[in-house]
Amino acid sequence: MSQPGKDRDAKVQPAAGWRSIHESPDHSKNIRSENISYLKNAERHDLKFIFITGGVISSLGKGVAGASLGALLKGMGYAVSMQKLDPYLNTDAGTMNPLQHGEVYVTDDGAETDMDLGHYERLLDTHLPVNSCFTSGFIYSRVIETERQGSAGEYRGKTIQIVPHVTDMIKHVILRQTISGAKVIMVEIGGTVGDIEGLPFCEAVHELRNELPPRNTLSIHLTYLPYLRISGETKTKPTQHSVKELRAVGLRPDIIICRSDEDVTEDTRYKIAKTCGVAFDSIFVSKNLDYVYMLPEHFKEQRLVEKVCELLSLEAKPFDIGPMIRFTSNLAALKKEVRIAVVGKYVDQESPKDRQEGVKKKPITYYESYKSVIEALSHAGVRHGRRVDICPLEADDFKFLDIAEELSSCDGILVPGGFGDRGYEQMLAVIRYAREGGKPFFGICFGLQLAIVEYARNVLGLPHASSEEFRNPLSDPPGEDFIYFMSSWYNYRTGTIDYRKRDSSIGGTMRLGLQPCFLNPGTRAYSAYRGAYDEGLRRGAENRSYVYDEVPLTESINVYRTAFSQDIDPKTLADLERDAREKGLLTVYERHRHRYEINPAFHAVLTLGPGGADRFVISGEAPKFTVKGQNTPPHIVEVMELEKHPWFLGCQFHPEFLSRPLRPHPLFLDFVKAASDFKDRRKSKGQHGS
Ligand code: GLN
């Protein structure tokens with residue numbers, strides 16, 4: 001039996017049996033009795049829980065604040081898990097429009113989550129374990145599923161109520177973190193205190209605080225202090241009201257973090273302490289900072305983590321955030337620039353009328369829709385000593401704008417992920433401009449699929465080449481779907497083949513999460529990963545990146561190792577990896593989120609290069625599995641690149657989700673380098689008057 005507090009300081013492991021929550025509900029288990037055993041486990045191991053709520057207004061940066069605190073605790077050597085509980089009724093974030101809710105972030109286990117999980121992973125430099133994001137929609141649907149079992153299920157005909165049934169289910173998803181190996185379990189409640197949807201979450205946290213030992217839970221409330229310019233005052237009243245709301249649902253804050261646009265004086269802090277019943281030295285400030293990565297340092301200066309440790313009876317160990325401080329000071333000091341156009345479908349919310357009239361408004365939302373892409377570009381920029389100047393462009397706007405005029409000042413073009421037919425013709429035109437002009441091009445998921453269609457139409461001369469996702473059924477014959485619907489694939493998490501129909505429901509049914517990819521030597525993709533890996537070896541273990549053969553990429557990898565069924569024929573993943581290594585291939589693991597894929601019927605024609613034209617090279621592919629007694633799923637190509645073009649590469653996965661400030665992603669590193677070289681070449685040509 002492990003010692004309380006001991007062996008919990010290592011890594012966070014995926015919670016065993018998580019699939020019973022996400023994939024195959026096991027109704028024989030009793031939520032209540034399981035909760036009791038989790039609570040006992042938490043007490044036995046002296047686990048600490050930190051609950052974070054927000055007040056006054058939304059978008060205060062609770063996620064970033066929580067993740068910064070988590071990063072400091074991790075720096076002390078504690079295993080930290082972070083979880084987001086979102087009160088909205090969607091089952092998960094997968095069906096939400098990025099323009100409204102920000103990007104859909106994907107974790108190793110294939111959960112489609114709130115973008116805050118990206119902050120957690122980037123600031124903690126971690127791969128979050130399973131069970132890291134839940135919504136009210138998911139919780140209610142599990143409760144109702146159980147109710148539908150009637151007397152055969154665990155509710156046995158009782159009246160189902162918010163308290164205790166919904167709150168028990170909420171406590172259940174929180175308490176499952178106790179078997180993840182984390183010493184400190186951080187839980188952020190989305191939204192603002194007082195929202196109707198959020199009440200059951202607050203109630204569940206209130207119950208948990210009563211059920212766990214007093215020094216083992218902490219409530220942190222993040223609020224906003226508005227500044228009235230006219231009277232030159234920072235107002236505390238909204239904070240007082242929000243703490244009142246919090247108290248009304250039984251949650252007394254132990255720490256208040258004040259977000260403010262102006263400096264917060266001692267007097268103001270004193271007033272908040274007095275009126276909110278919180279100790280003066282437990283009032284902290286979260287200033288507006290230039291970069292989110294500065295927040296850990298900002299909190300360190302205020303000794304926030306020491307206070308947290310004191311209140312939780314945790315030893316405050318020494319920690320070093322030097323590398324993050326160096327990263328932010330390098331970021332702030334960047335002088336040389338490289339300009340990258342991000343041409344996407346979720347850039348801004350202009351009305352169609354504005355578009356018709358060619359009114360161009362300042363894009364306001366792209367930063368949220370493409371958060372991880374933007375961050376990944378900036379991580380790579382810092383490594384190359386370049387400030388990445390992002391030029392966000394809404395694909396649809398190219399109906400009115402001239403491509404060359406808009407893009408000539410850019411040194412690289414990135415087409416990120418997307419869904420549906422809106423703006424696809426314009427994206428094809430942008431890709432053609434990059435291909436023909438020798439401008440570095442990076443296509444991510446939808447971006448790769450479009451690059452294939454563009455090549456088929458304009459190089460192979462097939463004007464009707466298309467994707468099943470946006471083919472015009474009236475004009476384009478189905479025979480030329482270069483991108484087609486994936487009706488089956490090998491699922492590495494479950495060790496089975498997943499089947500889909502075109503009319504399957506939309507939510508949660510894509511090929512999701514971490515999947516292996518073999519990279520072929522001699523390709524740009526291979527050398528990008530190999531280069532980053534070798535660089536990692538030089539810099540030390542923490543920077544080794546993305547090459548799985550020697551250093552496991554992810555803490556979740558054991559999930560795959562144990563998930564393989566005996567039916568795989570003829571080889572297991574380990575055998576395939578060994579073979580791949582012998583052949584000189586690299587195995588990397590990347591996160592996916594797609595429903596369509598490059599049609600294998602066209603792999604050959606894409607790699608021919610008619611009449612000496614540039615040709616595609618297959619640089620990465622999924623391992624080819626067969627399963628006894630089942631049809632072999634079609635071959636999946638993961639990365640393709642043009643052979644002669646200076647840098648033209650597309651990947652089916654989303655590399656942006658694995659980029660970290662101190663460990664930029666190899667493909668982003670290589671792309672930003674290519675764009676910087678493009679800029680330097682252009683400059684030197686210009687200087688020589690050519
Ligand atoms: N819509 C495409 C697909 O489902 C691309 C998805 C994406 O870009 N994530 O395959």
Side-chain angles (χ1 to χ4, degrees), residues 92-99 101-108 110-113 115 118 342-347 366 369-374 376 394-395 413-428 430-431 441-454 465-471 481-489 491 498 500-515 517 590-600 602 620 622 633-640 649-659 665 667:
D92 57 34
T95 54
M96 297 176 94
N97 183 339
L99 279 170
H101 198 74
E103 80 177 358
V104 178
Y105 192 79
V106 179
T107 48
D108 284 353
E112 296 173 279
T113 74
M115 61 183 278
V342 174
V343 184
K345 302 171 56 117
Y346 316 113
V347 173
Y366 82 95
S369 311
Y370 299 114
K371 183 74 183 161
S372 295
V373 168
I374 310 260
E394 173 69 42
I413 297 170
L414 188 151
V415 174
F419 294 83
D421 62 357
R422 184 173 57 79
Y424 90 90
E425 292 278 6
Q426 289 70 38
M427 284 165 150
L428 290 179
V430 165
I431 294 170
F441 168 80
F442 192 7
I444 295 180
C445 204
F446 197 51
L448 162 72
Q449 299 175 358
L450 289 165
I452 298 298
V453 172
E454 187 281 320
S466 201
S467 159
E468 259 193 275
E469 189 172 11
F470 50 72
R471 167 165 36 89
D481 284 334
F482 273 65
I483 307 299
Y484 80 144
F485 178 82
M486 281 184 296
S487 47
S488 68
W489 66 86
N491 183 336
D498 278 355
R500 294 285 182 273
K501 291 200 178 112
R502 284 177 175 75
D503 59 0
S504 294
S505 71
I506 294 287
T509 54
M510 282 186 262
R511 179 172 176 251
L512 289 164
L514 214 61
Q515 311 283 347
C517 162
E590 293 284 356
R591 294 183 186 170
H592 293 69
R593 182 173 183 244
H594 64 126
R595 189 168 279 118
Y596 300 89
E597 172 54 55
I598 305 169
N599 188 341
F602 297 107
H635 180 203
I636 294 184
V637 162
E638 296 273 2
V639 192
M640 287 193 105
L649 182 145
C651 52
Q652 192 55 78
F653 46 77
H654 288 269
E656 68 272 26
F657 296 140
L658 291 184
S659 185
H665 190 281
L667 294 180

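Atoms within each ligand, like the ligands themselves, are counted from 1 in listed order.
Nearest heavy atoms, Leu450 versus Met427: CD1-SD, 3.6 Å.
Note on Glu656 versus Arg593: no salt bridge recorded, every NZ/NE/NH1/NH2 to OD/OE distance being 4.0 Å or above.
A donor-acceptor contact under 3.5 angstrom links the side chains of His665 and Glu590, judged on distance only.
Between Val106 and His592, every side-chain heavy-atom pair lies at or beyond the 4.5 Å cut-off.
Ring pair Phe602/Phe482 is parallel by interplanar angle, where below 30° counts as parallel and above 60° as perpendicular. Using bins of under 30°, 30° to 60° and over 60° for the plane-to-plane angle, the ring pair Tyr105/Phe657 lands in the perpendicular bin.
Enumerated by chain and number, the residues approaching ligand 1 to less than 4.0 Å through a heavy atom are Gly417, Gly418, Phe419, Cys445, Phe446, Gln449, Glu469, Arg593, His594, Arg595, Tyr596, His654.
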